[in-house]
Protein chains: 2
Amino acid sequence: MHTLSKNQQIIFDIIDKSPEPMKAYSILFNVQKKGIKAPLQVYRALDKLVEIGKIHKIESRNAFIACQNSSCQVSKATAFSICESCEKVTEINNSSLSKYLSNFKDKAGMKYSKYNLEFFGLCKKCTTK
Amino acid sequence: MHTLSKNQQIIFDIIDKSPEPMKAYSILFNVQKKGIKAPLQVYRALDKLVEIGKIHKIESRNAFIACQNSSCQVSKATAFSICESCEKVTEINNSSLSKYLSNFKDKAGMKYSKYNLEFFGLCKKCTTK
DNA sequence: ATTTAAATGTTATAATATAACACTATGTAA
DNA sequence: TTACATAGTGTTATATTATAACATTTAAAT
């Protein structure tokens with residue numbers, strides 16, 4: 001198991017507490033009182049946290065959320081649902097989906113070591129509005 | 001069917017001819033001799049081309065490729081394979097995959113109108129190196 | 001012909017991300 | 001416990017990606 005460094009812990013905590021994905025400069029703004037002053041300090045921690053699977057990047061939003069899947073040590077198979085109205089993002093944890101995708105082979109026989117899937121739609125709340 | 005405007009056509013052509021995904025500022029550099037001078041002119045064309053499905057954005061790379069699926073008018077179900085060594089990107093056109101994903105419902109019953117999937121691995125060439 | 005929507009041109013600026021370099025802390029193995 | 005390697009930090013500067021705002025032009029649809 002990984003012990004987080006000081007900056008990594010600070011930045012993980014703020015992402016973990018956030019109800020929505022956080023952007024790098026919003027994180028920066030929020031941790032300046034803790035002595036983290038420069039973008040690079042944030043990006044370095046983000047890179048590491050992504051690498052070890054504690055957080056994931058929502059690519060379509062350039063934003064980061066804490067991993068919701070406690071058993072997920074390394075980030076190599078991720079799926080998210082994104083509401084295009086309220087921007088709520090949820091990590092999808094569905095074994096049928098992950099099995100299907102992990103075993104997927106394309107026609108060229110290429111086997112994949114990693115994937116990221118982002119679904120878009122309207123969440124329940126936004127559908128009934 | 002859509003008729004592309006002058007800028008849209010110029011920018012689509014250069015992406016379509018490219019063997020690899022193109023980044024916005026690389027596109028800009030390449031079309032400056034055609035009179036397109038500003039980033040915004042490029043981004044506006046890109047937005048429209050994505051909207052009508054002529055090109056797709058590779059989110060993890062901030063780059064754009066022409067749609068390889070001639071029947072695809074609107075961009076709402078996309079899947080790509082990305083080689084992490086040579087950065088070759090291929091659009092995946094697999095009806096089993098697209099059926100599976102188009103019908104996927106999460107536990108909350110949310111039905112999705114759109115998805116984007118990016119697989120990462122090593123292409124055949126890079127595997128044998 | 002007139003109106004409306006879409007596209008263009010332009011300047012400025014916002015937002016996202018990395019390069020380079022000097023230094024510090026931590027873990028590991030002799 | 002010292003030395004060595006690896007990972008993390010701090011800092012300044014800069015690169016890359018993307019949008020705001022506004023004036024004008026073109027195309028399409030009555």
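Throughout, a chain's letter reflects where its sequence line sits, starting with A, and its residues are numbered from 1. As a basis for the values below, the full set of heavy atoms in this structure was taken, side chains included, without hydrogen atoms, waters or symmetry mates.
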Are [X] and [N] close enough that a side-chain N or O sits under 4.0 Å from OP1 or OP2?
X: Q8(B); N: dA7(C); value: yes
X: K23(A); N: dA15(C); value: no
X: N62(A); N: dT17(D); value: no
X: K6(B); N: dA6(C); value: no
X: Q41(A); N: dG10(D); value: yes
X: K48(B); N: dA7(C); value: yes
X: S5(A); N: dT9(D); value: yes

Distance-only, no hydrogens or angles: does the Y112(A) side chain make a donor-acceptor pair with backbone N or O of I82(B) under 3.5 Å? no
Okay, side chain of S102(B), backbone of K99(B): is any donor-acceptor separation there less than 3.5 Å?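 Not a single qualifying donor-acceptor pair exists.
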Assigning hydrophobic clusters by single linkage (Ile, Leu, Val, Met, Phe, Trp, Tyr; side-chain heavy-atom cutoff under 4.5 Å), is F104(A) placed with F119(A)? yes
Could you check R44(B) against F64(B) and say which one's nearest nucleotide on DNA chain D is further toward the 5' end?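 Nearer the 5' end of the strand: F64(B).
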Looking at R61(B) and E118(B), is there a salt bridge between them, counting it only when a charged N and a carboxylate O are closer than 4.0 Å? no
When you get a sec, tell me which of dT11(D), dA17(C), dT11(C) is the closest nucleotide to the side chain of L40(B)? dT11(C)
Which nucleotide sits closest to the side chain of Y43(A): dA17(C), dT11(C), dT19(D)?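 Given the options dA17(C), dT11(C), dT19(D), the side chain of Y43(A) is closest to dA17(C).
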Would you say Y25(A) stacks on dT16(C), if stacking means ring centres under 5.5 Å apart and planes within less than 30 degrees? yes
To the nearest angstrom, the CG-P distance between N7(A) and dA25(C) comes to 13 Å
